[in-house]
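Okay, so here's the structure we're looking at.
In listed order, ligands and their atoms are each counted from 1.
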Amino acid sequence: MFKKNAWQKYDEKELEKVMKFSEDYKDFLSSCKTERECVSYSVNLIEKLGFKNIKSLKSLNPGDKVYAVNKNKNICVFVIGDEPLTNGINVLGAHIDSPRIDIKQNPLYEANEYAMLDAHYYGGIIKYQWVTIRLAIHGVICKKDGEIKNIVIGEDESDPVFVITDLLPHLGAEKLQKSGAKVIEGEDLDITFGSIPLKGNEKEAIKKNILKLLKEKYDIEEEDFVSAELEIVPEGKARDLGLDRSMILGYGHDDRVCAYSSLRAILDAGKCKRTTCAYLVDKEEVGSIGATGAHSVWFSNVLAELISLQNNNYNDLMLRKTLENTYMLSSDVSAGYDPLYKSVFEKNNTCFLGYGITFNKYTGARGKSGCNDAMPEYMAKVRKIMDDNNINYQTSELGKVDVGGGGTIAYIMGNYNMNVIDAGVPVLSMHAPQEVISKADLYEAYLGYIAFVKNA
Ligand code: MN
Ligand code: MN
């Protein structure tokens with residue numbers, strides 16, 4: 001079989017590079033826990049490297065380094081190639097939203113001597129995994145006067161943290177009879193937020209004291225929650241995992257591991273024959289819908305803008321040709337083989353941690369329902385690129401047939417009639433507060449993405 005453990009390949013010098021790239025990624029993962037944080041981190045990084053916002057451009061030339069941002073939640077980064085855009089571009093698309101718990105619009109209430117925040121989970125989480133762990137709040141509160149307040153509470157050593165409590169085992173006998181899906185339900189995911197009452201004999205004195213603190217520290221009124229986007233995420237930094245430090249444990253590898261390696265691949269590949277692009281998108285975990293999801297027309301709008309900078313006789317056919325001639329890797333994570341849960345995997349068609357970048361010709365559920373079944377001609381082209389560049393790669397399905405399934409943004413981009421295949425990094429404990437990846441897979445994905453954008 002073609003699958004090989006990537007760790008076997010590395011000499012000492014290469015191993016150093018794997019570890020260095022992992023450190024860079026850990027920094028990204030530790031500081032980017034929302035879509036907006038991913039976008040602003042990316043903008044900071046690329047502006048230092050001379051990338052220009054396409055809004056400031058008058059013309060477009062080979063070698064130009066440009067980017068566009070959509071509503072602070074998506075970013076497209078391009079290095080303009082020698083060929084015209086209408087020949088097609090090479091895209092790495094990944095999502096920067098991750099499963100989490102969002103704060104409701106009217107969240108603050110007092111219940112029996114506690115102030116609580118009412119929450120609504122986002123994406124496919126296993127709810128019982130999110131109780132009794134340390135949580136932080138990241139996000140924005142938008143004031144009526146247009147001010148956007150960035151909020152991060154719980155990451156600094158001196159910050160307080162938050163928690164969703166759980167029942168003690170001594171009193172849990174009845175609850176533990178429930179199924180895993182029901183043992184913690186959606187409305188049980190409320191955050192413990194405070195417990196000191198305001199001095200005096202007021203009603204809801206604990207809630208009032210919290211409101212007083214919010215006003216003093218952040219200039220926030222209760223009504224401001226209505227126009228807020230506050231995400232409850234696990235606190236703390238990504239860490240090395242295992243005595244050999246071969247893996248990384250952290251929140252949000254799905255899909256920030258592919259987002260970061262895709263972005264870095266575009267930056268490090270430099271100018272190529274075709275224009276290269278990293279497309280980092282929101283809302284994948286809830287169906288890729290809305291203005292900032294992959295279904296949005298924003299991506300094609302950006303391409304149209306670039307094409308019109310390259311041609312003063314822009315027409316719609318040019319955009320359609322560009323999209324149709326484009327090659328894309330839908331960079332998303334795969335379910336890595338977990339020896340603790342052997343029964344859900346079919347070993348010959350599963351990815352293993354440490355064996356490199358993983359291609360899913362199709363995802364979907366049951367009879368491949370909802371999948372983007374990549375063209376075998378395209379798969380042949382991609383595997384040649386991987387082999388020619390000595391990239392460790394493997395292929396995978398999402399578990400055994402009929403056990404479950406899932407999807408990515410691949411089929412959406414396929415609607416433009418472009419060639420797309422899913423390619424990413426194997427993950428253990430996907431969608432859990434702490435997910436696991438292998439540093440070797442991260443590095444092979446990064447090298448594989450560079451090889452793809454240079455040669456596709
Ligand atoms: Mn994903
Ligand atoms: Mn996911």
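- For the side chain to side chain donor-acceptor pair (under 3.5 Å) with S334, the qualifying choice from T395, N360, T408 is N360, the only one to do so.
- The local environment of NZ in K143 is crowded, with over 12 non-hydrogen atoms from other residues, nucleotides or ligands closer than 6.0 Å.
- Less than 2.8 Å away from the Mn ion (ligand 2), the protein contributes these N/O/S atoms: D254 OD2, E285 OE1, E285 OE2, H431 NE2.
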Verdict with reasoning, F28 to Y260, per ring-ring contact (aromatic ring centres under 6.0 Å, His included): CA-CA 7 Å; F28 172 81; Y260 184 74; 5.0 Å; yes

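- Between E397 and Y362, the side chains place a donor N or O and an acceptor N or O closer than 3.5 Å (distance only, hydrogens not considered).
- For Y355 and Y337, the distance between ring centers is not under 6.0 angstrom.
- The aromatic rings of Y279 and F299 sit parallel, their planes meeting at an angle under 30°, below the 60° perpendicular limit.
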